[in-house]
There are 2 protein chains.
Amino acid sequence: MDIEKSFREKGVRLTHQRRVLIDTLRDAHRAMTAQELYKEASMAWPHINFSTIYRNIETLKSVGLICEMTDGTGNTLFAYRDEEEHHHHLVCKNCGKTISFDFCPLIELKQVLDETGFMPTGHRFEVYGYCKECRKDRL
Amino acid sequence: MDIEKSFREKGVRLTHQRRVLIDTLRDAHRAMTAQELYKEASMAWPHINFSTIYRNIETLKSVGLICEMTDGTGNTLFAYRDEEEHHHHLVCKNCGKTISFDFCPLIELKQVLDETGFMPTGHRFEVYGYCKECRKDRL
DNA sequence: CCTCCAGTTGCAAATTATTTGCATCTACAC
DNA sequence: GTGTAGATGCAAATAATTTGCAACTGGAGG
Ligand SMILES: [Mn+2]
Ligand SMILES: [Mn+2]
Ligand SMILES: [Zn+2]
Ligand SMILES: [Zn+2]
């Protein structure tokens, strides 16, 4: 489905800067930090500002156009989401390439690792939410 | 096994500051940010410095005494590791309490969620390592 | 015990990452 | 076209993390 429509539906404007960010991430085919995104996007739109990057990372996440992930060393990365449903990622510590797979934890990774040839050196699996007590507090 | 021994084995000194950090995290029974850790530790050792916190987070991770995790909103948290083998966490977005469980992804979470009463609102599962190409590059 | 020195700390300052206020601008509904 | 709520640029504030360096100290060895 088209981007313009999903933006309109959410009451979010499709500005030139946002198009630049989306294109930059889509064409890069890799995950990058906010800093890298700024640098890359600057080429297509020289006056783009860092606050625009950060503000739009939130916007694009909420529209579902980008994914956020970490690189395993404390850096936050962003990547184009490309119509995918809920999924997870293999993040290369060396080149930053991300390989997404569409099943949620719980299922053996062996097949994905074999298929992709990815060699895992570490991983992270976290569930966020509310514990039994806090769950009550919020009602 | 005792801490003193594992420190000695790694050629790492067991300083008063490190004892304070370990005690602080162990007694807290929750995960906390570097800033919170600094604040808490300062009570037991007033002159402790932020650079000592950050430098020792690395040290204590390498000795296996603490775990690093994120709270799902971009903050990095640290918790006492307490003899546990490889495991994962449920991190409460409200109180910061962490509930660790000892099986690695791949297995249904249903049982843990039922047992703990934890209500998930999101999760993260990431595998770090080297992709097929980069794997070759490193040999 | 005492000595000695590599490892560690405190401090201050540098970096890096992220957020915010505000005046100006612009996408787009009408 | 016009009006306006939402978005941007800019500059400055905050927050988070790292570093250089001189002073200090844990603990191995005598
Ligand atoms: Mn998932
Ligand atoms: Mn695991
Ligand atoms: Zn790679
Ligand atoms: Zn809780």
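Order of the sequence lines fixes the chain letters, A, B, ..., with proteins taken first and strands second; residue numbering starts at 1 for each chain.
Between the side chain of B:Glu58 and the main chain of B:Arg55, no donor-acceptor pair closer than 3.5 Å is present. A distance-only check finds a donor-acceptor pair linking the side chain of B:Arg18 to the backbone of B:Arg13 [under 3.5 Å].
The side-chain hydrogen bond (donor to acceptor under 3.5 Å, both in side chains) search around A:Lys39 returns none, not counting sequence neighbours. With sequence neighbours left out, the side-chain hydrogen bond (donor to acceptor under 3.5 Å, both in side chains) criterion links A:Arg26 to A:Asp23. Residues passing the ring pair (Phe, Tyr, Trp, His ring centres under 6.0 Å) test with B:Tyr38, sequence neighbours excluded: B:Phe50.
The distance between atom CD of B:Glu58 and atom P of C:dG7, rounded to the nearest whole Å, is 18 Å. We find that CG of B:Asn75 is positioned 16 Å from P of C:dA17, with the value rounded to whole Å. Spacing between atom CD1 of A:Ile3 and atom C1' of C:dC28 amounts to 18 Å, rounded to whole angstrom units.
Annotation: proximity of residues 34-57 of chain B to DNA chain D (heavy atom, distance under 4.0 Å) is found for B:Gln35, B:Ser51, B:Tyr54, B:Arg55, numbered in ascending order. Taking a 4.0 Å limit (strictly below) on heavy-atom distances, residues 11-18 of chain B reaches DNA chain C at B:Val12, B:Arg13, B:Thr15, B:Gln17, B:Arg18.
By the 4.5 Å heavy-atom criterion applied to side chains, B:Leu14 and B:Arg19 are counted as neighbours. Within the 4.5 Å cutoff, the side chain of A:Thr70 has no heavy atoms near those of the A:Leu77 side chain.
Summary for the helix from C:dC1-D:dG30 to C:dC30-D:dG1: the axes at its two ends, each from 5 pairs, differ by 50° when rounded to the nearest 10 degrees.
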Under the side-chain contact (heavy atoms from CB on, under 4.5 Å) criterion, do A:Lys61 and A:Ile66 qualify, and how do the steps go?
CA-CA 5 Å; A:Lys61 272 201 294 179; A:Ile66 68 175; 3.8 Å; yes
